[in-house]
Amino acid sequence: MQDIQNVRVRFAPSPTGDPHVGVIRQALWTWLYAKKMNGKFILRIEDTDQTRYVEGAVDRIQNSLQWLGITWDEGPDIGGPYGPYFQSERKDLYKEAAEKLIENGFAYRCFATPDELREMRESQQAAKLPPKYDGRYRDYPKNDAEKRAESGEPYVIRFAMPQEGSTTFTDLLRGEITFENKELDDFVILKSDGFPTYHLAHVVDDTAMEISHVTRGEEWIPSTPRHVQLFNALGYKIPTWVHAPVILGPDGGKLSKRHGAKFVLEYAEEGYLSDALVNFLAITGWALDDHTEIFSRERLIEVFDLKDLSKNPSGFDQTKLEWMNGLYLREMEENDLVDIFVRRLERDLPAEIPRPIDWALVKELTPLVRERIKLLSELASLVGFFFTSDVPTPAAAEFLTKKWKDRSADAANALDSTSNILEPLPDWNADNIQQVMRNTAEKLEIRAGDFFSLTRIAVTGTRISPPLFESMEIIGQELCIDRIRQAANSLRNTPAS
RNA sequence: GGCCCCAUCGUCUAACGGUCAGGACGCGAGGUUUUCAACCUCGAAAUCGGAGUUCGAUUCUCCGUGGGGUCACCA
C-alpha cells in the first residue's frame with residue numbers, strides 16, 4: 001500500500017488576460033479531484049513576466065472561478081499557510097534556489113545578450129540545425145563570471161542540462177515518457193530582471209507548497225524533462241504528473257484567443273448557467289461510463305478521477321453545450337430559476353420598463369418559457385410583452401400570411417369576433433379563454449391554428465410566443481381585448497392589395 | 001524540420017482480448033400540438049491503413065499515415 005498522501009493541487013494561471021474555457025476546464029478537473037480526495041485546492045498567480053501583466057486579470061480569474069463555483073482553500077485573496085500566492089512576492093526563494101544550483105554546479109551565469117542569441121539561432125537555422133542554446137557560457141570560469149556579475153553586467157542563470165543519457169518520467173495518463181537529454185538545451189531559470197522563468201518558479205513553489213499532483217495541459221510534456229532535472233538537482237521529491245488533453249478550436253488548433261476561444265465570463269454574459277457549463281466542461285474529455293452525462297457538482301466530485309481523463313484532445317461542441325443549457329433550464333428547481341430570470345430581466349429588459357421586475361409575475365410566466373429558451377439571453381425578447389401595457393401592433397404583413405394572405409378584412413373580422421366573445425367572459429383563465437375561442441373558430445369554420453395566430457400576434461406582438469391562452473390569462477382581460485381591437489383596426493386601415 | 005503526445009459515428013465519448021461496436025449532441029423521418037419549443041418513436045452514421053501476436057484484435061506490438069503539441073530572458 002502506498003502512503004496515503006494529502007492531496008494538494010493547484011491552479012496556477014498567469015495574469016495575462018481572461019481565462020478561457022480550455023484553461024478553466026483544467027482548473028475544474030483539478031478542483032474536482034481535490035474535493036474528491038478531501039484535499040486542498042490552491043490558487044497561485046504566476047506573475048513572473050512583468051511585460052505581459054494585464055491589469056485586472058487576477059480579478060477576472062477569480063470571478064471566473066467563482067461564477068463556476070470553483071472555490072479555493074488557499075489563494076492570493078485569502079492567503080494560507082504556504083503563502084504568498086503571488087510569485088512576484090516569492091522572488092527571494094527563486095534567487096536562493098538558483099544560487100544554490102550554481103554552487104552545486106547545476107547552473108551557471110550566462111552573459112549572452114538577446115541579440116547575440118538571436119543571431120546564434122538564425123545561423124543555426126540557416127545551417128538547418130535545430131535552434132538551441134549552444135552552451136557558450138557553460139564552461140566559462142566561475143570566478144570571471146562572478147566578477148562580471150558584480151560589476152553590474154546583466155546576465156541570466158541557466159540550468160546545465162546533462163548532455164548524455166535520457167530523462168524519464170511517469171505521467172498518470174500516458175505512462176512513462178522518455179526524452180534524450182541531448183535534445184534539451186541549457187534553459188534559463190532566472191532572467192536578467194531577477195525574475196524566475198516558469199521552469200524554476202513552479203518547481204520551487206510546487207515543492208514549497210507541497211503540491212502532490214502537478215496538473216497541467218499536455219503542451220508541457222516537452223519541457224517536463226527539464227523539470228525532472230530541476231527537481232532532482234534541488235533534491236526535491238518528484239510530484240505526480242498529470243498532463244491533461246487540451247481543447248481544440250474550430251480550426252483544429254489548440255484553443256486560445258487566436259483559435260476561437262471564448263472567455264468563461266462571456267458564457268455567463270450570454271446566458272449560460274454555470275451548472276450547465278461545469279457539467280459540460282467536465283464531460284468533454286472525461287466520461288464515467290457509456291451512458292451518464294448529466295452530473296451535479298456533488299456527483300462529479302464523487303465519481304471524477306484524474307486517471308480517467310481522456311488522452312486525446314477534444315473539440316468544443318458548442319451545440320451540445322446549448323442543448324445541455326436548455327436541459328438545465330428545464331430541470332432546475334422553479335423558484336431558483338425564477339430568481340435567475342428576474343436577475344436577467346432586470347438587466348435585459350428595455351429601460352422604459354419600470355424596475356424592480358415583479359417576482360410574482362416572473363414566477364407566473366416561468367413555466368411558459370423555460371422550455372422554450374436555450375440561453376438566458378433569449379428571455380427578454382420572448383417575454384417583454386408581459387411587462388408593458390404598450391405593445392405596438394405589428395405591421396399588417398405580419399398578420400397576413402398563409403390563411404390570411406391578402407385577406408385583411410377577413411382577418412379584422414375574425415379579430416372582432418374574438419374580442420366580442422372575450423369581452424363578456426366572466427372567469428378570465430386560460431381554460432375558459434381557450435374554450436370560447438375554439439368554439440368561435442368552429443363557428444366561423446376557421447382552422448383553430450389559423451384563427452389563434454391572429455390573436456397571438458395581436459396580444460404578444462410576435463408570431464412566435466409562449467402558449468397563447470396562459471399568456472392571455474397573465475396579461476389580463478382588459479389589456480388583451482385592447483390589443484385585439486387595436487390590431488383589428490389597424491388591419492381595417494390596411495389597403496387591400 | 002527534430003523531438004514528444006494522440007488516433008472509435010460529423011462532434012463528445014463507452015466497450016477484463018470474445019458485444020449485433022453502446023450512449024449523447026447534431027442530422028433525417030414520423031407522432032403529439034394554438035405558434036415556437038419541449039416531449040415520444042424510429043433511422044442513417046465510426047474502430048485511419050498495413051503487417052504481426054492470438055483460436056479470436058477497437059483493445060497488445062511494429063511500420064506507415066493523419067492530427068496536435070513543443071523547440072523564448074512567455075507561461
Side-chain angles (χ1 to χ4, degrees), chain A residues 12-16 23 46-49 51-52 87 110 112-114 117-118 121 125 128-133 154-158 171 173-174 177-180 182-185 187-199 201-202 216-225 243 245-246 248 252-254 280 283-294 310-324 326-327 329-330 368-374 382 434 437-438 441 447-453 455-457 460 462-471:
Chain A
S14 61
T16 52
V23 339
E46 310 226 321
D47 56 346
T48 56
D49 185 349
T51 61
R52 293 205 312 157
Q87 288 188 324
C110 168
T113 65
L117 292 173
R118 190 172 37 75
R121 261 180 238 116
Q125 267 163 338
K128 298 218 157 103
L129 292 166
K132 279 171 58 174
Y133 175 73
Y155 64 90
V156 301
I157 298 179
R158 287 179 183 272
D171 177 83
L173 303 176
R174 300 155 211 272
I177 301 176
T178 298
F179 287 81
E180 294 300 319
K182 63 174 189 291
E183 308 285 348
L184 285 343
D185 61 5
F187 56 99
V188 173
I189 56 176
L190 205 73
K191 299 182 266 188
S192 57
D193 62 4
F195 279 90
T197 59
Y198 168 81
H199 306 299
H202 96 277
R216 51 170 37 161
E218 63 178 322
E219 71 271 20
W220 287 106
I221 291 176
S223 49
T224 303
H243 291 98
V246 295
L248 268 21
K254 187 183 77 166
F280 177 75
I283 65 162
T284 118
W286 173 85
L288 172 65
D289 53 30
D290 65 349
H291 63 279
T292 317
E293 46 187 10
I294 302 304
S310 162
K311 286 196 288 268
N312 40 340
S314 43
F316 191 81
D317 191 345
Q318 180 73 28
T319 313
K320 186 161 182 175
L321 204 212
E322 279 173 27
W323 162 79
M324 190 173 278
L327 190 111
L329 246 16
R330 272 171 263 133
L368 307 187
V369 299
R370 64 184 305 172
E371 64 193 28
R372 265 160 248 274
I373 58 173
K374 284 202 185 109
L382 191 59
Q434 168 150 218
M437 283 188 65
R438 273 190 195 284
R447 245 193 47 194
D450 292 327
F451 184 63
F452 299 158
S453 83
T455 304
R456 178 186 309 284
I457 298 166
T460 70
T462 54
R463 307 187 60 81
I464 297 171
S465 80
L468 181 57
F469 311 114
E470 285 83 350
S471 298

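Below, chain A is the first sequence line, B the second, and so on; all start at residue 1. Here the structure is a predicted model, which is why all the values come from computation and not from measurement.
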d([atom1], [X]; [atom2], [N]) in whole Å:
{"X": "E180(A)", "N": "C71(B)", "atom1": "CD", "atom2": "C1'", "answer": "16 Å"}
{"X": "D450(A)", "N": "U33(B)", "atom1": "CG", "atom2": "P", "answer": "16 Å"}
{"X": "E183(A)", "N": "G1(B)", "atom1": "CD", "atom2": "C1'", "answer": "12 Å"}
{"X": "H243(A)", "N": "G69(B)", "atom1": "NE2", "atom2": "P", "answer": "16 Å"}
{"X": "F179(A)", "N": "G69(B)", "atom1": "CZ", "atom2": "P", "answer": "15 Å"}
{"X": "E219(A)", "N": "C5(B)", "atom1": "CD", "atom2": "P", "answer": "15 Å"}
{"X": "D185(A)", "N": "C3(B)", "atom1": "CG", "atom2": "C1'", "answer": "13 Å"}
{"X": "F187(A)", "N": "C74(B)", "atom1": "CZ", "atom2": "P", "answer": "13 Å"}

Which nucleotide sits closest to the side chain of [X]: [options]?
{"X": "K320(A)", "options": "A7(B), C4(B), G23(B)", "result": "G23(B)"}
{"X": "T197(A)", "options": "U13(B), C74(B), A72(B)", "result": "C74(B)"}
{"X": "I221(A)", "options": "C4(B), U34(B), C6(B)", "result": "C4(B)"}
{"X": "T319(A)", "options": "C25(B), C3(B), U8(B)", "result": "C25(B)"}
{"X": "P131(A)", "options": "A72(B), U34(B), C73(B)", "result": "A72(B)"}
{"X": "R456(A)", "options": "U35(B), C73(B), G23(B)", "result": "U35(B)"}
{"X": "R174(A)", "options": "U70(B), C5(B), U11(B)", "result": "C5(B)"}
{"X": "K191(A)", "options": "G23(B), A75(B), C3(B)", "result": "A75(B)"}

Can you tell me, in whole Å, how much space there is between the [atom1] of [N] and that of [M]?
{"N": "G30(B)", "M": "G67(B)", "atom1": "C1'", "value": "39 Å"}
{"N": "U8(B)", "M": "A14(B)", "atom1": "C1'", "value": "10 Å"}
{"N": "A72(B)", "M": "G56(B)", "atom1": "P", "value": "49 Å"}
{"N": "U58(B)", "M": "G17(B)", "atom1": "C1'", "value": "10 Å"}
{"N": "C25(B)", "M": "C42(B)", "atom1": "P", "value": "14 Å"}
{"N": "A45(B)", "M": "C55(B)", "atom1": "P", "value": "34 Å"}
{"N": "G10(B)", "M": "C6(B)", "atom1": "P", "value": "23 Å"}

Pairing residues for [X] by the side-chain contact (heavy atoms from CB on, under 4.5 Å) criterion, not counting sequence neighbours:
{"X": "V246(A)", "answer": "E218(A), E219(A), L248(A), K254(A), P313(A)"}
{"X": "K132(A)", "answer": "D185(A)"}
{"X": "Q125(A)", "answer": "P131(A)"}
{"X": "R456(A)", "answer": "T460(A), S465(A), L468(A)"}

Not counting sequence neighbours, which residues clear side chain to side chain donor-acceptor pair (under 3.5 Å) with [X]? List them please.
{"X": "E46(A)", "result": "R44(A), Q87(A)"}
{"X": "R216(A)", "result": "Y198(A), H202(A), T224(A), H227(A), H243(A)"}
{"X": "R463(A)", "result": "T401(A)"}
{"X": "R438(A)", "result": "Q434(A)"}

> Is it true that D171(A) and R174(A) make a salt bridge, defined as a side-chain N closer than 4.0 Å to a carboxylate O?
Replying inline: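 Salt bridge flag = yes for R174(A) with D171(A).
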Which part of the nucleic acid does [X] contact within heavy-atom distance under 4.0 Å: base, sugar-phosphate only, or nothing?
{"X": "V156(A)", "result": "base"}
{"X": "P130(A)", "result": "nothing"}
{"X": "S453(A)", "result": "nothing"}
{"X": "P196(A)", "result": "sugar-phosphate"}
{"X": "F469(A)", "result": "base"}
{"X": "L382(A)", "result": "nothing"}
{"X": "R121(A)", "result": "sugar-phosphate"}
{"X": "G285(A)", "result": "sugar-phosphate"}
{"X": "T48(A)", "result": "sugar-phosphate"}
{"X": "E470(A)", "result": "base"}
{"X": "D317(A)", "result": "base"}
{"X": "A287(A)", "result": "sugar-phosphate"}
{"X": "I177(A)", "result": "sugar-phosphate"}

> Strictly by modelled atom types, are D289(A) and T292(A) linked by a side-chain donor-acceptor pair under 3.5 Å?
Replying inline: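 Side-chain D/A pair, D289(A) to T292(A): present.
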> Excluding sequence neighbours, so at least two apart, what forms salt bridge (Lys or Arg N to Asp or Glu O under 4.0 Å) with K374(A)?
Replying inline: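 Partners of K374(A) by the salt bridge (Lys or Arg N to Asp or Glu O under 4.0 Å) criterion come out as none, since no residue qualifies.
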>> Can a donor-acceptor pair be found, under 3.5 Å and without considering hydrogens, that links the side chain of R370(A) to the backbone of R330(A)?
In response: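 Yes; judged by distance alone, with no hydrogens or angles, the pair exists.
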> Which atoms form the tightest heavy-atom contact between G315(A) and T284(A), and what is the distance?
Replying inline: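 Distance-wise, the nearest heavy atoms are O-OG1, 4.4 Å.
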> Once each nucleotide of nucleotides 15-22 of chain B is scored for protein heavy atoms under 4.0 Å, what B/S/- sequence comes out, 5' to 3'?
Replying inline: -------B
> Which nucleotides of nucleotides 36-45 of chain B have their base under 4.0 Å from a protein heavy atom (B), which only their sugar-phosphate (S), and which neither (-), written as one string 5' to 3'?
Replying inline: BBSS------
For nucleotides 60-68 of chain B, which of its nitrogen or oxygen atoms have a protein nitrogen or oxygen under 3.5 Å away, and what is each distance?
none

> Is the closest side-chain heavy-atom distance between F316(A) and L321(A) below 4.5 Å?
Replying inline: yes
> Taking C-beta and beyond as the side chain, do L329(A) and E371(A) meet within less than 4.5 Å on heavy atoms?
Replying inline: no
> Can you find a donor-acceptor N/O pair under 3.5 angstrom joining the side chain of T284(A) to the base of C12(B)?
Replying inline: no
> Is R158(A) positioned over the aromatic face of F187(A), cation under 6.0 angstrom from the ring centre and no more than 45 degrees off axis?
Replying inline: no
>> Please tell me if S314(A) has a side-chain N or O lying less than 4.0 Å from either OP1 or OP2 of U13(B).
In response: yes
> Between S310(A) and R447(A), who's closer to the 5' end of RNA chain B by nearest nucleotide?
Replying inline: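 Of the two residues, S310(A) wins.
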